[in-house]
Amino acid sequence: MDFQRLFLFLIFSFSLILVWDGWQRYQHPQEAVQQSVAAKAELPGILPKGSNLAAQTAIAQQPAVR
């Protein structure tokens, strides 16, 4: 019986957290978008520069041969 109560309490608590998170996203949608754009701007470039990029793009676009 105690296991059932504990299990139901955990489900109820998790549901409340999900509802609260959804409410926060509904109330403040612009903040999440601005943070993700700022995070992407802070990342260093990982793509190589110059002709390597063109060569890699051409290789990536070729169909695979089996």
Side-chain angles (χ1 to χ4, degrees):
M1 185 67 166
D2 289 332
F3 181 71
Q4 281 182 327
R5 286 185 192 167
L6 178 64
F7 189 66
L8 289 174
F9 176 74
L10 290 174
I11 291 173
F12 180 71
S13 300
F14 187 69
S15 300
L16 284 177
I17 291 171
L18 290 178
V19 168
W20 178 77
D21 183 51
W23 176 255
Q24 291 298 319
R25 290 178 188 223
Y26 177 76
Q27 290 295 319
H28 308 289
Q30 293 299 323
E31 290 177 9
V33 172
Q34 290 173 355
Q35 288 175 355
S36 65
V37 170
K40 287 181 183 178
E42 293 175 2
L43 293 176
I46 57 173
L47 295 177
K49 296 180 182 175
S51 63
N52 269 349
L53 180 60
Q56 288 179 358
T57 305
I59 292 171
Q61 291 176 349
Q62 293 177 353
V65 178
R66 291 185 182 196

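Only a predicted model underlies this, so the values are computations on that prediction, with no experimental measurement involved.
Partners of I11 according to the side-chain contact (heavy atoms from CB on, under 4.5 Å) rule, which considers only residues two or more places apart in sequence or in another chain, are F7, S15. Partners of D21 according to the side-chain hydrogen bond (donor to acceptor under 3.5 Å, both in side chains) rule, which considers only residues two or more places apart in sequence or in another chain, are R25. For W20, the side-chain contact (heavy atoms from CB on, under 4.5 Å) partners two or more places apart in sequence, or in a different chain, are Q24.
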